[in-house]
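The structure appears below as structure tokens.
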2 protein chains.
Amino acid sequence: MDSDRRRRPTLDTVAAAVGVSRATVSNAYNRPDQLSSSLRERILETARTLGYAGPDPVARSLATRSSAAVGFMLPQGLSGAFSDPALSIVLDGLAQTVDGHDHSLVLMPGDATGGPRPSIVSRAQADVMVAYSLPDSAPALDAVATRGLPLVVIDQPELPDTARVEVQDHAGCTAAATHLLDLGHRRFGILTFALRPDGVSGPVSHERRSDVPFRVSRDRLGGYLDTLEKAGVKPDNVPVWEARGSDRELGRLGARWLLTRTPRPSALLCTSDQLAFGALQAARDLTLTVPGDLSVVGFDDVPEAAYSDPPLTTVRQPLADKGRRAGELALKLLAGARPPRPTRLGVSLVERASTAPRK
Amino acid sequence: MDSDRRRRPTLDTVAAAVGVSRATVSNAYNRPDQLSSSLRERILETARTLGYAGPDPVARSLATRSSAAVGFMLPQGLSGAFSDPALSIVLDGLAQTVDGHDHSLVLMPGDATGGPRPSIVSRAQADVMVAYSLPDSAPALDAVATRGLPLVVIDQPELPDTARVEVQDHAGCTAAATHLLDLGHRRFGILTFALRPDGVSGPVSHERRSDVPFRVSRDRLGGYLDTLEKAGVKPDNVPVWEARGSDRELGRLGARWLLTRTPRPSALLCTSDQLAFGALQAARDLTLTVPGDLSVVGFDDVPEAAYSDPPLTTVRQPLADKGRRAGELALKLLAGARPPRPTRLGVSLVERASTAPRK
DNA sequence: TGGTGTTGCTGAAGCGCTTCAGTCATGCTG
DNA sequence: CAGCATGACTGAAGCGCTTCAGCAACACCA
């Protein structure tokens with residue numbers, strides 16, 4: 001029996017206690033200019049003594065037809081997702097923007113399908129959704145569409161009637177690969193995070209390289225491979241390892257495999273800094289010196305890249321900005337704006353000490 | 001003009017179209033046994049063609065007086081919080097539990113006060129809150145109380161009428177310190193994460209060591225210091241560095257300071273694995289070998305601890321369990337249960353290669 | 001003096017849904 | 001055939017709030 005949890009006070013309770021109408025109490029909270037400040041004080045005071053904590057958020061949402069919340073859809077579970085600081089930074093940027101406008105953030109972690117379950121999406125109390133790097137045509141995206149909610153996608157292909165922010169992944173990878181080619185490297189290995197949401201780690205077969213549903217993986221892998229091919233390095237001669245997540249330890253595993261191929265690559269191209277850190281580790285394990293025996297490049301430029309051993313050459317993308325922009329877009333859509341043209345954020349190669357001319 | 005965003009269909013729209021009552025349509029979604037399956041099919045089909053995505057979550061919440069969401073309150077912003085994988089793991093455990101029961105997760109990041117703003121809390125659409133390591137008497141906690149929401153706290157002191165899960169921090173630290181004492185160490189340094197939510201990093205003065213509002217920091221620091229003192233090592237002779245967050249780089253910074261004291265500590269006690277990883281890095285920077293010149297212990301036993309260089313001796317706590325338990329408790333409270341007695345999770349010292357006898 | 005604002009408050013209509021007490025056939029039992 | 005379950009559906013109340021037209025009172029101005 002929860003007899004102790006007796007009915008909480010409502011607007012009416014307070015109104016009755018003060019002897020005014022319910023509308024006036026509502027105004028005391030939402031439109032202070034609509035009543036005398038003395039009355040307002042009295043109302044607030046009475047509310048306090050009654051233990052009334054302010055208008056019920058759900059009822060308010062129903063009446064205003066707005067829940068003041070943005071939903072954030074992830075391609076995977078939380079622990080996997082957050083092993084990459086890049087996501088934390090993006091999400092933090094988003095949270096700050098959203099939080100600053102008194103909106104809250106509803107997290108929708110994904111499962112093996114590469115996104116949250118549709119049932120979760122259709123029951124989520126949010127009035128705008130942000131999709132972060134979901135695979136093309138994830139079921140969650142349909143669920144958003146049938147609910148008719150505004151949507152902003154990050155790192156995903158254009159969708160009808162949707163705002164979008166993304167980064168020049170392909171160009172970034174081209175720059176990184178070119179940098180290594182310029183240094184004289186000819187033997188490469190590629191370390192990428194998931195190409196598909198199936199949780200598989202391992203060497204990437206030829207057919208698995210095509211029809212990659214994660215846009216970011218597709219573009220980064222493509223960016224590396226295309227650039228190498230143009231320079232005369234056959235893609236078939238470039239071993240590619242797919243890690244099912246973007247974390248250090250998975251990176252180390254993959255790099256170990258890549259570095260034990262014959263002939264051994266003199267340069268490793270990674271699709272994230274975390275993977276690159278793992279690669280540095282793997283090199284140490286194998287007593288290879290970086291950049292003496294091996295050059296390594298990452299992607300993201302997370303803060304730690306400047307402090308790793310050695311400091312990492314990597315492609316910088318404006319992570320916090322990405323989150324902030326997404327947040328702003330979400331708020332804009334909420335305000336009724338039409339999706340503007342995609343926000344494209346620039347990238348730049350940051351040369352540090354993990355790359356050097358081929359010996 | 002959002003003339004294109006014309007009124008979405010509601011239960012009534014569908015009911016009218018099918019020619020049944022609204023209650024029946026509602027039943028089609030919520031109580032399939034209350035109507036013939038043929039009619040149900042017809043209703044669902046009509047709904048589909050009308051573009052009706054199912055009962056509106058907000059309205060449903062109002063009617064059922066339950067929003068099927070759990071709020072998660074953090075002591076800091078997201079980027080800071082997630083730089084420690086420990087949080088990701090806890091949150092993942094919680095998310096899985098909660099998600100499995102079709103509840104969603106509302107994230108409430110904290111600010112400089114060491115918790116989310118009260119206004120955020122009182123407007124959050126959640127019907128149970130989980131507080132993660134907020135400082136004692138954070139304003140957010142009062143906000144939860146005045147809303148009368150059930151609360152489960154993780155790593156925080158007991159609060160009236162509140163469920164609680166926590167870990168034997170003090171005991172864990174005692175074990176770690178004892179281990180080092182047994183190895184013959186007498187010169188220690190301590191590396192702790194925030195003692196207060198004020199964002200300060202630096203050496204910890206004597207007075208700052210008392211009245212620490214973060215329970216975990218208080219217990220871990222206390223556990224280390226008490227144990228050392230009992231063994232005859234004066235707390236005043238133990239330099240303590242406070243990092244404002246639990247991340248590697250901040251750990252490196254602090255460890256560098258600790259390792260340049262005279263006399264140099266032969267052992268470093270850290271309050272988290274992330275800080276310990278930073279310490280390993282700092283040792284490398286100073287060309288000290290671990291565990292030859294320096295022993296290091298961490299706390300948490302995150303997966304990476306087994307793979308660091310050298311593998312880290314640390315206090316294991318069951319992180320995923322912690323999240324899962326918190327989730328279960330939240331769901332139980334939601335179901336009307338009274339807060340059970342606190343769930344106390346055990347810890348154990350995991351000896352790896354970062355500690356060795358004093359030279 | 002009459003017109004024109006202001007200020008401060010209220011009544012009532014929703015927001016879109018769930019739920020519960022019925023109602024009405026229909027089939028079954030003895 | 002009376003009596004009684006059973007199954008399928010409905011009407012209406014209510015969840016707690018916002019909002020807007022409207023009203024009374026009063027002040028101000030020419």
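So that the names make sense, note that chain A is the first sequence line, chain B the second, and so on, each numbered from 1.
- Of the residues in residues 30-56 of chain A, those lying under 4.0 Å from DNA chain D by heavy-atom distance are Asn30(A), Arg31(A), Tyr52(A), Pro55(A), Asp56(A).
- Between Arg65(A) atom CZ and dC15(C) atom P there is a gap of 7 Å when expressed in whole angstrom units.
- Taking the side chain of Asn27(A) as heavy atoms from C-beta on, and the options dT10(C), dG16(D), dT18(D), the nearest nucleotide is dT10(C).
- Between Ser61(A) and Ser67(A), the shortest heavy-atom contact is OG-CA, 3.3 Å.
- Looking only at side-chain heavy atoms (C-beta outward), Asp56(B) and Arg65(A) stay at 4.5 Å or farther from each other.
- The residue Val58(B) sits apart from the nucleic acid: no heavy atom pair falls under 4.0 Å.
- Distance Leu62(B) CG to dG14(D) C1': 9 Å, rounded to the nearest Å.
- Taking 4.0 angstrom as the limit, Ser26(A) places a side-chain polar atom (N or O) nearer than this to OP1 or OP2 of dT18(D).
- Taking only side-chain atoms of Thr64(A), from C-beta outward, the nucleotide of dT19(C), dT19(D), dT10(D) with the closest atom is dT19(D).
- The phosphate of dT18(D) has OP1 or OP2 within less than 4.0 Å of a side-chain N or O from Arg60(A).
- Between Gly114(A) and Ala138(A), the shortest heavy-atom distance links the atoms O-CB, 4.3 Å.
- The stretch residues 127-139 of chain A participates, sequence neighbours left out, in these salt bridge (Lys or Arg N to Asp or Glu O under 4.0 Å) pairs: Asp136(A)-Arg218(A).
- When the nearest nucleotides of DNA chain D are assigned to Val25(B) and Asp12(A) by heavy-atom distance, the more 5′-ward of the two goes with Val25(B).
- For dG16(C), the OP1/OP2 oxygens have no side-chain nitrogen or oxygen of Thr10(B) closer than 4.0 Å.
- Of the options Lys322(B), Arg344(B), Arg325(B), a salt bridge (charged side-chain N to carboxylate O under 4.0 Å, His left out) to Asp155(B) is made by Lys322(B) and by none of the others.
- For Leu11(A) and dG14(D), the CG to P distance is 18 Å, given to the nearest whole Å.
- Exactly one of Val14(B), Val25(B), Leu35(B), Thr46(B) qualifies for a side-chain contact (heavy atoms from CB on, under 4.5 Å) with Val20(B). That residue is Val25(B).
- Looking at Leu329(B) and Val128(B), their side chains never come closer than 4.5 Å, going by heavy atoms from C-beta outward.
- The side chain of Thr24(B) places no N or O atom within less than 4.0 Å of a non-bridging phosphate oxygen (OP1 or OP2) of dC9(D).
- Counting only heavy atoms from C-beta on, Ala23(A) has its side chain closest to dT10(C) among dC15(C), dG16(C), dT10(C).
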